[in-house]
Protein chains: 2
Amino acid sequence: MGRRGRVVLRRIEDRVRRGICFRKRLAGLEKKAEELAVLCDAHVGFVVLSCSDDDRLHHFAAPATYALSP
Amino acid sequence: MGRRGRVVLRRIEDRVRRGICFRKRLAGLEKKAEELAVLCDAHVGFVVLSCSDDDRLHHFAAPATYALSP
DNA sequence: CTCGCTATCCTTAGGTC
DNA sequence: TGACCTAAGGATAGCGA
């Protein structure tokens, strides 16, 4: 189990595997974006347009932590 | 060395540490965004507005891999 | 298909220079 | 200040159910 090798930056040709990867990584990106917003006091927003999985537009926005101290 | 404990989702109060964390995580987010774009054939773009580090707007955009096969 | 598991790779906080 | 190093926590590909 687990990942076999290192990530190769290349389009995943298999449709099913690409779709699964898309959903998992989209969730991962949201988490990272939120962490950046909270930990580092920044507004973060992103848009993802799936071209060959669900052909949909996904978006996410996280406000910065309410500035308590400078 | 290495990280000491788990990441606590809370604004980092120390200005220097927050700034270092911001730059590292911004770079990490860019990498993740590009991987999502390439691996999963999606357009990805994001905007980050630093509220207390450099007070600047950072942006990033990655085009999907040119659709070779459906 | 979706969910949960986990070995494996990746990211990064804290440190040094 | 920035670049580099490393341990450790975190993300995730492949599977099983």
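The chains referred to below are lettered A, B, ... by the order of the sequence lines, with proteins before strands, and numbering in each begins at 1.
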Ignoring backbone atoms, establish whether B/Arg17 has a side-chain N or O less than 4.0 Å from OP1 or OP2 of C/dA13. no
For [X] against [Y], the heavy-atom pair lying closest together:
| X | Y | value |
| --- | --- | --- |
| A/Ser50 | B/Ala42 | CA-CB, 4.0 Å |
| B/Asp53 | B/Gly19 | OD1-CA, 3.4 Å |
| B/His43 | A/Cys51 | CD2-SG, 3.4 Å |

Treating B/Arg18 as the side-chain partner and B/Glu13 as the backbone partner, does any N or O pair qualify as donor plus acceptor under 3.5 Å?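 Yes, because the side chain of B/Arg18 sits within donor-acceptor range (under 3.5 Å) of the backbone of B/Glu13.
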Linked hydrophobic residues, B/Leu26 as query - side chain contacts closer than 4.5 Å: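 Joined to B/Leu26, directly or through intermediates: A/Phe22, A/Leu26, A/Leu29, A/Leu36, A/Val44, A/Phe46, A/Val48, A/Phe60, B/Phe22, B/Leu29, B/Leu36, B/Val44, B/Phe46, B/Val48, B/Phe60.
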Starting at [atom1] of [X] and ending at [atom2] of [N], how long is that distance when rounded to a whole Å?
| X | N | atom1 | atom2 | result |
| --- | --- | --- | --- | --- |
| A/Arg10 | D/dA13 | CZ | P | 17 Å |
| A/Glu13 | D/dA13 | CD | P | 16 Å |
| A/Asp53 | C/dC1 | CG | C1' | 13 Å |
| B/Arg11 | C/dA13 | CZ | P | 16 Å |
| B/Arg23 | D/dC4 | CZ | C1' | 15 Å |
| B/Phe22 | C/dA13 | CZ | C1' | 17 Å |
| B/Leu26 | D/dG2 | CG | C1' | 17 Å |

Dump the pairs, protein N or O against N or O of nucleotides 8-12 of chain C, anything under 3.5 Å, distances to one decimal.
unit_1	atom_1	unit_2	atom_2	d
C/dT8	O3'	A/Arg3	O	3.4
C/dC9	OP1	A/Arg4	O	3.2
C/dC10	OP1	A/Val7	N	3.3
C/dT11	OP2	B/Lys31	NZ	2.7
C/dT11	O3'	A/Lys32	NZ	3.3
C/dT12	OP1	A/Lys32	NZ	3.3
C/dT12	O4'	B/Arg3	NH2	3.0

If each of B/Leu39 and B/Val16 is mapped to the nucleotide of DNA chain D with the nearest heavy atom, which maps nearer the 5' terminus, i.e. the 5' end?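 With B/Leu39 and B/Val16 compared, the 5'-side residue is B/Val16.
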Determine whether B/Arg11 and B/Ser52 make a side-chain contact, defined as any pair of heavy atoms from C-beta on separated by less than 4.5 Å. yes
